[in-house]
> 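Could you have a look at this structure, given as structure tokens, before my questions?
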Amino acid sequence: MLSIILINGVDMKKLILLFVLLSFITYGIIFSQSKNNPYNSNSESIDVMSISPGVNGTGDVVGAQCVGGLVYDDNTFENAYGWNAGSGVGKYVMKFTPNIYPYTFNQVCLALTRTTSGTANFTFDIVVYDTLGLGGAPGNLIATVPNQTVSNIPIWPTVSWYDFTGLTGIAQLISGSYYIGVSWNPATAGFHFIGADENSTPRIPGFGYINSTWSSITSWYSGYQKIGVRADGIATIYTHNVAAGPFLSFPPMLIVNTSYQIKAKITNRGTTNESGIPVKFFVDGVQINSININLNAGQADSVSFNWVPTNPVYYNLKIVTALATDEHRPNDTVSTNVLAYPNGVMYCNGTGTTAVQYPFYTYYMDSKTDMLYLSSEIGTGGLPMNIYTVGFNVISPASQVMNGFKLKMKNTIATSISSFELSGWTEVYNGSYAISGSGWRFITLQTPFMYTGNNLLIEICYNNSSWTLSSTVASTAKTGRVYHAHQDLSTGNGCLDIISGALQTTLPNICLSPWVGIEPKTPNEIPQVYSLEQNYPNPFNPVTIINYQLPMSSEVKLIIYDVTGREVALLVNQKQNAGEYEIEWNAADYPSGVYFYKLEAGDFSQTKKMVLMK
């Protein structure tokens with residue numbers, strides 16, 4: 001059925017991501033094949049722990065264990081994570097976000113354990129990264145504390161804390177977060193593990209590194225919440241220090257010739273009451289407006305500026321505080337790049353949420369996928385159009401660049417396929433391509449395709465010499481509409497040498513744009529605005545999941561109300577650090593009906609509706 005999505009439609013990427021994560025845990029990703037995997041192994045030399053449910057490691061405290069610093073775990077460990085030998089250096093890191101800036105880290109604590117095959121001594125590096133990697137993954141190496149050695153590491157299920165104080169050389173964190181963790185070579189230091197808290201919520205973003213690639217820890221351990229890493233440091237306090245950011249209630253999508261209120265939080269982080277603080281709004285480096293505000297020491301308020309984008313291009317937006325006596329300029333500015341979309345529609349097909357690895361099956365070196373979309377699904381009413389961009393709803397992005405990447409299109413009257421199409425293609429993209437993040441990701445065609453209004457056949461293939469993980473996309477159940485194969489062709493070319501495959505049962509959701517689109521830049525890994533996502537599933541029985549995002553440390557309440565407005569559950573009531581959060585509500589004891597959930601965080605408040613159907 002036709003699905004014409006207005007450009008100002010709701011972004012459902014978080015909803016889809018959650019569903020697919022749960023589907024992956026329970027059923028596995030569609031068209032998954034076995035392959036030698038360095039992350040998990042069933043061989044005798046296994047170096048990745050899998051502890052049976054209900055067995056907890058105990059925190060055998062050594063040193064100060066960073067008490068009073070940034071502590072996210074609950075000091076019980078349901079699992080422990082390590083690496084198999086043979087895939088190079090392995091790393092585990094977790095994101096740390098201070099409450100006050102600038103902040104200098106000088107202490108790290110690690111919860112370590114081993115199996116009986118591991119030695120009581122363990123040598124490793126402490127590593128610190130920024131958050132500028134693909135999709136908010138670890139990016140630039142900030143510091144390494146090399147060759148740290150500990151002794152008397154206990155045997156699982158005992159987990160000991162080891163405290164490393166007086167660390168130097170870690171660059172001062174001006175804003176945002178660092179990833180901090182441990183790095184070692186399992187070939188020379190095997191059977192050693194970092195404790196894993198799989199019980200307490202919320203989940204703190206964490207990444208693992210193996211085969212020279214970063215991936216979310218949840219790629220291997222669906223139960224991950226935190227790893228056994230803590231950190232502490234020193235915050236610098238200034239007499240005059242006014243900070244800008246984050247943006248508040250930022251529009252999820254901007255449309256040209258539409259007025260928007262651009263709003264940001266302004267905080268006096270100094271020790272002096274300030275009056276007449278100039279706050280300025282810039283678009284592409286040009287000042288548009290300015291206001292003055294008063295803030296007492298420690299006080300926060302918001303400022304708003306009205307703005308109308310006039311062209312479908314990228315804009316750089318900045319809100320800047322300009323206190324003349326400010327002693328710390330790096331936090332004076334909050335900035336973001338936004339894309340204004342044309343007024344109009346995108347032609348989209350598919351509403352399913354099943355995760356599939358095709359057409360970006362980079363868990364193998366080579367892949368080819370043919371996908372057939374019917375005219376009734378594309379939705380132009382049989383009218384022709386020039387296609388400039390093709391979009392897929394990415395659930396889990398992988399960093400692998402696809403070399404020799406080709407995208408081809410063909411008008412056809414066929415209503416099903418059973419093999420790879422060999423002729424009649426128009427090549428509209430030829431080069432390299434990488435998935436830049438989750439959500440809708442658009443490929444701008446090098447040659448626009450003239451769609452005639454009939455059915456549309458699309459082929460995507462690539463030719464790599466290495467592999468990592470696949471990028472998964474959302475798909476909808478359709479039979480006879482996808483033909484796919486993937487192989488490791490060390491000397492061949494997937495676009496030429498893959499000639500046979502297998503029919504699949506789900507068709508990737510797609511959006512086709514009749515205008516020149518620009519793929520949005522990967523956003524900063526730290527959420528830029530407060531947001532509350534729609535619960536999933538909805539309707540539900542009896543368990544549902546609620547996701548929300550915090551751009552800064554906030555006092556948070558997540559409250560459930562019945563249809564009469566009576567509070568029936570308080571799911572969260574605590575201070576939480578910046579990040580993405582996932583909360584489960586089990587309504588087994590409540591009757592069927594309409595319920596509302598409300599998020600209160602700082603100055604942000606939003607309510608959404610959900611339906612319990614038993």
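One-based numbering along the sequence shown.
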> For Ile560 and Met610, which heavy atoms make the closest approach, and how far apart are they?
CD1-CE, 3.6 Å

> Does the separation of the ring centres of Trp307 and Tyr315 fall below 6.0 angstrom?
yes

> Rounded to the nearest 0.5 Å, what's the gap from CG on Leu110 to CZ on Arg230? Could you check?
11.0 Å

> Out of curiosity, Asp125 CG to Leu141 CG, how far, rounded to the nearest 0.5 Å?
9.5 Å

> Of Ser216, Ser215, Ser222, which is the lone residue that meets side chain to side chain donor-acceptor pair (under 3.5 Å) with Thr218?
Ser216

> So Leu173 and Tyr101, do their side chains get closer than 4.5 Å, heavy atoms only?
yes

> Report yes if the side chains of Ile227 and Tyr72 come closer than 4.5 Å at any heavy-atom pair, otherwise no.
no

> Of the options Tyr224, Tyr221, Tyr179, Tyr92, which is the one that meets Phe207 in a ring-ring contact (aromatic ring centres under 6.0 Å, His included)?
Tyr179

> Quick one: do the Ser200 and Gln225 side chains pair a donor with an acceptor below 3.5 Å?
no

> What closest approach, in Å, do Pro102 and Ile174 show between heavy atoms, and which atom pair accounts for it?
CB-CD1, 4.1 Å

> Return the orientation label for the Tyr363 and Trp467 ring planes: parallel under 30°, perpendicular over 60°, tilted otherwise.
perpendicular

> Quick one: closest heavy-atom pair of Ile210 and Gly88, and the distance?
CD1-O, 3.8 Å

> Please name the pair of heavy atoms, one in Lys95 and one in Ser177, separated by the smallest distance, quoted to 0.1 Å.
CG-CB, 3.5 Å

> What distance separates Asn292 CG from Glu274 CD, expressed to the nearest 0.5 Å?
12.5 Å

> Give a yes or no on whether the ring-centroid distance for Phe96 and Tyr178 is below 6.0 angstrom.
no

> Do Trp214 and Tyr129 make the cut of ring centroids closer than 6.0 angstrom?
yes

> Closest approach of Ala264 and Ile319, non-hydrogen atoms and distance?
CB-CD1, 3.6 Å

> Taking the side chain as everything from C-beta on, heavy atoms only, tell me whether Tyr548 gets closer than 4.5 Å to Val572.
yes

> Would you give the length of the straight line joining atom CD1 of Ile291 to atom NZ of Lys280, rounded to the nearest 0.5 angstrom?
12.5 Å

> Can you say whether the rings of His328 and Tyr238 are parallel (under 30°), tilted (30 to 60°) or perpendicular (over 60°)?
parallel

> What is the ring orientation for Phe305 with Phe281, classed by angle as parallel under 30°, tilted 30 to 60°, or perpendicular over 60°?
parallel

> To the nearest 0.5 Å, what is the distance between OG1 on Thr104 and CD1 on Ile234?
7.0 Å

> If we ignore angles and hydrogens, is there a donor and acceptor under 3.5 Å between the side chains of Asn403 and Ser432?
yes

> If you count heavy atoms of other groups shown closer than 6.0 angstrom to NZ of Lys91, is the number above 12?
yes

> Does either side chain, that of Thr544 or that of Asn535, offer a donor lying less than 3.5 Å from an acceptor on the other one?
yes

